[in-house]
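Beneath this line is the structure, given in structure tokens, with notes to follow.
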Amino acid sequence: MTNWSIVKIPATATPNLVFVSNISAAASEKTVKDFFQFCGKIQEFELQKEGDDRQVALVLFERESAAKTACMLTNAMIVDSQISVRHYFEDSEASGENIPQENKPKVTVLAEILSAGYSLQDQIIEKGLEIDAKYGLVGMIQSYVEAAKAQAKNLDEKFHVTAKATELDNKYHVQDRVNAAVGQGIDYSNQALQTAPGQKVAVVAAQVKEQIAAVHYEAKRLQDEKKAKAAAAAAASTEAPAS
């Protein structure tokens, strides 16, 4: 059992405390703490070794909603290992606190995490989408989708991506080869999609796929924005006259 020396375990169960396991030994304290700061303000944090190649951590958040966001990130990749995140007090996750409206939507948090260079599975993003939809926080993801579509349209108009893809397809009969390889599976899928349930599933699946792609697009936009600001700051510092 880990003896925690920095984080004081509360005598009363709290949903704000999370336990993180399977952390890579190569992950620094700063890397792990920075990762969880995306979820919300941290009151206390402690990282300890567990064996030769793993670490564990306790994170006490100021808000319960931040702890809930952290638990959503289980299986996220930090350095070279997929972490596991859960409430320290198992029964505390059933708390009825609603997510405050002023908190960022989950997809915004996930986009910021991705833009910082961390890896998240699409299943985690999908979970974030579900939580945002549950609490009515869908406006942000829709803005991401529209921005991604606009960017794709601009790229297509500038580089004629669609036309070139169609040209390659016609030249090398790519689609014909794909259809031949899939064979009867295509016919079966098409038949299934003719049914009302099949069409509904297809629409939902397409929307989720579109939204996940939009979150990745927003992450890339944030990353480019950070690079541009860093470059501008570096240019300004070199141009500043010596005192």
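Along the sequence shown, residues carry numbers from 1. All of these numbers come straight from a predicted model, not from anything done at the bench.
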Gap between atom CD of Glu112 and atom CD of Glu218 - 0.5 Å precision: 8.5 Å

Any donor-acceptor pair under 3.5 Å from Ser81 side chain to Asn22 backbone: yes

Residue pairs passing the salt bridge (Lys or Arg N to Asp or Glu O under 4.0 Å) test where at least one lies in residues 37-51, sequence neighbours excluded: Lys41-Glu62

Nearest atoms (heavy-atom pairs only) where Phe89 meets Ile9: CZ-CG2, 3.9 Å

Min side-chain heavy-atom separation Leu58-Ile6 under 4.5 Å: no

Nearest-0.5 Å distance that lies between atom SG in Cys39 and atom CZ in Arg63: 14.0 Å

Validation row: Ile83, Phe35 side chains within 4.5 angstrom (heavy atoms): yes

Pairwise distance CZ(Arg54) to OG(Ser21) - rounded to 0.5 angstrom: 10.0 Å

From CA spacing to verdict: side-chain contact (heavy atoms from CB on, under 4.5 Å), Ile125, His216: CA-CA 9 Å; Ile125 298 174; His216 284 288; 3.5 Å; yes

Pairs satisfying ring-ring contact (aromatic ring centres under 6.0 Å, His included), at least one member in residues 49-79, at least two apart: none

Distance (rounded to the nearest 0.5 Å) between Leu73 CG and Lys68 NZ: 14.5 Å

Pair listing, salt bridge (Lys or Arg N to Asp or Glu O under 4.0 Å) test, anchored in residues 5-32, at least two apart: Lys30-Asp34

Side-chain H-bond candidate by donor/acceptor type, Asp80 with Ser24, under 3.5 Å: yes

Pairwise side-chain contact, Thr14 with Tyr88, heavy-atom cut-off 4.5 Å (strictly under): no

Contact summary for Val7 and Trp4, nearest pair of heavy atoms: O-CB, 3.9 Å

Contact summary for Leu17 and Pro10, nearest pair of heavy atoms: CD2-CD, 4.0 Å

Shortest non-hydrogen contact between Leu110 and Ile124, atoms and distance: CD1-O, 3.8 Å

Given Ile113, Thr69, Val85, the one that forms side chain to side chain contact (heavy atoms under 4.5 Å, CB included) with Phe36: Val85

Electrostatic pair Lys127-Glu130, nearest N-O below 4.0 angstrom: no

4.5 Å side-chain heavy-atom contact, Asn75 and Gln123: no

Passing candidate, side chain to side chain contact (heavy atoms under 4.5 Å, CB included) with Val20, options Ile78, Val59, Thr74: Val59

Heavy-atom closest contact (Val18 atom, Cys71 atom, distance): CG1-SG, 3.8 Å

Minimal non-hydrogen separation, Ala111 against Ala219, with atom names: O-CB, 3.4 Å

Same apolar cluster (I L V M F W Y, side chains within < 4.5 Å links), Ile23/Met77: no

Test item: Leu114 and Phe38 side chains (from C-beta on) under 4.5 Å apart, heavy atoms: no

